[in-house]
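Some notes on the structure that comes next.
Quick caveat: nothing in here was measured; it's all calculated off a predicted structure. Residue numbers begin at 1 in each chain, while the letters A, B, ... track the order of the sequences. Computed from heavy atoms alone, side chains included, the values below leave out hydrogens, waters and symmetry copies.
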There are 2 protein chains.
Amino acid sequence: MAERKRQLVSNELTEAALQLLATKGFDAVTIDEIATAAGVSKRTFFRYFASKEDVVVQFLAGMGVDIRTELAARPPEERPSAALRYAVGVPLATCTAHSERALRVVRLILRTPALHARFLEHQARWRDDLAAELAGRLGLDPGSDLYPRLAAGMALNAFDAVLHRWSGSDGAEDPTGLIDRAFTVIAPALDAA
Amino acid sequence: MAERKRQLVSNELTEAALQLLATKGFDAVTIDEIATAAGVSKRTFFRYFASKEDVVVQFLAGMGVDIRTELAARPPEERPSAALRYAVGVPLATCTAHSERALRVVRLILRTPALHARFLEHQARWRDDLAAELAGRLGLDPGSDLYPRLAAGMALNAFDAVLHRWSGSDGAEDPTGLIDRAFTVIAPALDAA
DNA sequence: GCCGCTCGTGTCACTCGGTGTCAAGACGCT
DNA sequence: AGCGTCTTGACACCGAGTGACACGAGCGGC
């Protein structure tokens, strides 16, 4: 029950934060505002989130592990381009499923330098994870072979490009179609050898 | 003459900052410390640099334009993989030329999340610039074609991987050799079609 | 019933990054 | 000397983030 309440407060906080940040802009909203809007104190906010950026970015935090677990679940004989495409497709599907909310968050992140920076940091971690998974999958040594890191980077780069285009078109363009087009571009490098 | 003095103060500031940050760690150094070490006030520090991260990251700020101008200078008939490889090679050559200093800065950036985030933000801007240059070079429409952004991303991704490996090996591995190996991996995608 | 226990929260005080304001000097010009 | 301009330092201020502590709610043992 204590866990229930914790989740409740957390949701209240993210809800208030997303609402305020999206309308007034990142810098124009203080943490006090968010906290009072959620009915708690500023101190309590920081017991749930490490920073102002965290409220927004933690909203996408699960994507990294989603990508990696999906890659781990793909059949081993599948070519890297296909496996990575499906792995990266998971968070994109989540985006399209909750497009109203996801679009607002993505737009906010891309428009706000501080958020964008944090987001890129997350992505860098995802890339390392993906590279490790990929190296294990292909039996490569990540210490000597550049391929795993480059491949993971290419996949996430494609993911990023699609996200930009998707939010740039206000959700009009289809992420699935975009990611397919992106992967036809990078596939020759992913599947070489 | 006034310009001389400005440059002098700026150098003093970056020197003090790099020294202190590299030894004590990013969070353990206050701006007051850096400023007093350079013989100026905290307020003056912020007249030269926008933020604490800026002192370190602005050290690499020129790289972005270097890459783009080099790409613009490459012969138009050169294949994208070769042109991008040379473009990205420019800042890497600068790194090897001042390896003692560059290595310290790169290590500091990669080790400090806040700095890493800012660095990635810069890179994202470079990528957009590179993509625009590449689109112009190939006569593609960056609004509809994904290739420019993906290609620019791949090149910078390779640059990033090399930088990591270089700093990870304490400068032992040769950046030129690494970037060549990285580009043989991604070239099939860059030169397809 | 009451006593203690823990745990979540609010309050307060504090540090530090970052900004606006202003007055005091340094410099060039006439 | 007297006058703009430009840089600087001093000061006050805001907001992010942290540490310390006291309060109250819930809960098990007596």
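- If you check every strand for non-hydrogen atoms under 4.0 Å, A:Tyr48 touches sugar and phosphate atoms only.
- In terms of polar N and O atoms assigned as donor or acceptor, the side chain of B:Arg47 never comes within less than 3.5 Å of the base of C:dG18 in a complementary pairing.
- Within a 6.0 Å sphere centred on OH of B:Tyr86, other residues, nucleotides and ligands contribute 12 heavy atoms or fewer.
- Under a 4.0 Å N-O distance rule, the pair A:Glu100/A:Arg104 does not qualify as a salt bridge.
- Salt-bridge check for A:Glu15 with A:Arg101: passed, with a basic side-chain N closer than 4.0 Å to an acidic carboxylate O.
- No more than 12 heavy atoms of other residues, nucleotides or ligands lie within 6.0 Å of CZ in A:Arg79, so this atom counts as exposed by the packing criterion.
- The stretch residues 28-42 of chain B touches DNA chain D through B:Gly39, B:Val40, B:Ser41, each having a heavy atom under 4.0 angstrom from the strand.
- Salt-bridge check for B:Arg127 with A:Asp160: passed, with a basic side-chain N closer than 4.0 Å to an acidic carboxylate O.
- Rounded to whole angstrom, the span from the CG atom of A:Leu8 across to the P atom of C:dG8 amounts to 15 Å.
- Using a 4.0 Å cutoff to heavy atoms of chain B, the contacted part of DNA chain D runs 5' to 3' from D:dT8 to D:dA10.
- The pair B:Asp170-B:Arg107 counts as a salt bridge, with a side-chain nitrogen and a carboxylate oxygen less than 4.0 angstrom apart.
- The pair B:Glu133-B:Arg137 does not meet the salt-bridge criterion, since no charged nitrogen lies less than 4.0 angstrom from a carboxylate oxygen.
- B:Arg43 places its CZ atom 7 Å from the C1' atom of C:dG20, with the value rounded to the nearest Å.
- Remark: P of C:dG28 and NZ of B:Lys5 are 11 Å apart, rounded to the nearest angstrom.
- Counting to the nearest Å, the P atom of C:dG8 and the CZ atom of A:Phe46 are 19 Å from each other.
- Between B:His116 and B:Phe119, the angle of the ring planes stays under 30°, which puts this pair in the parallel group of the 30/60° scheme.
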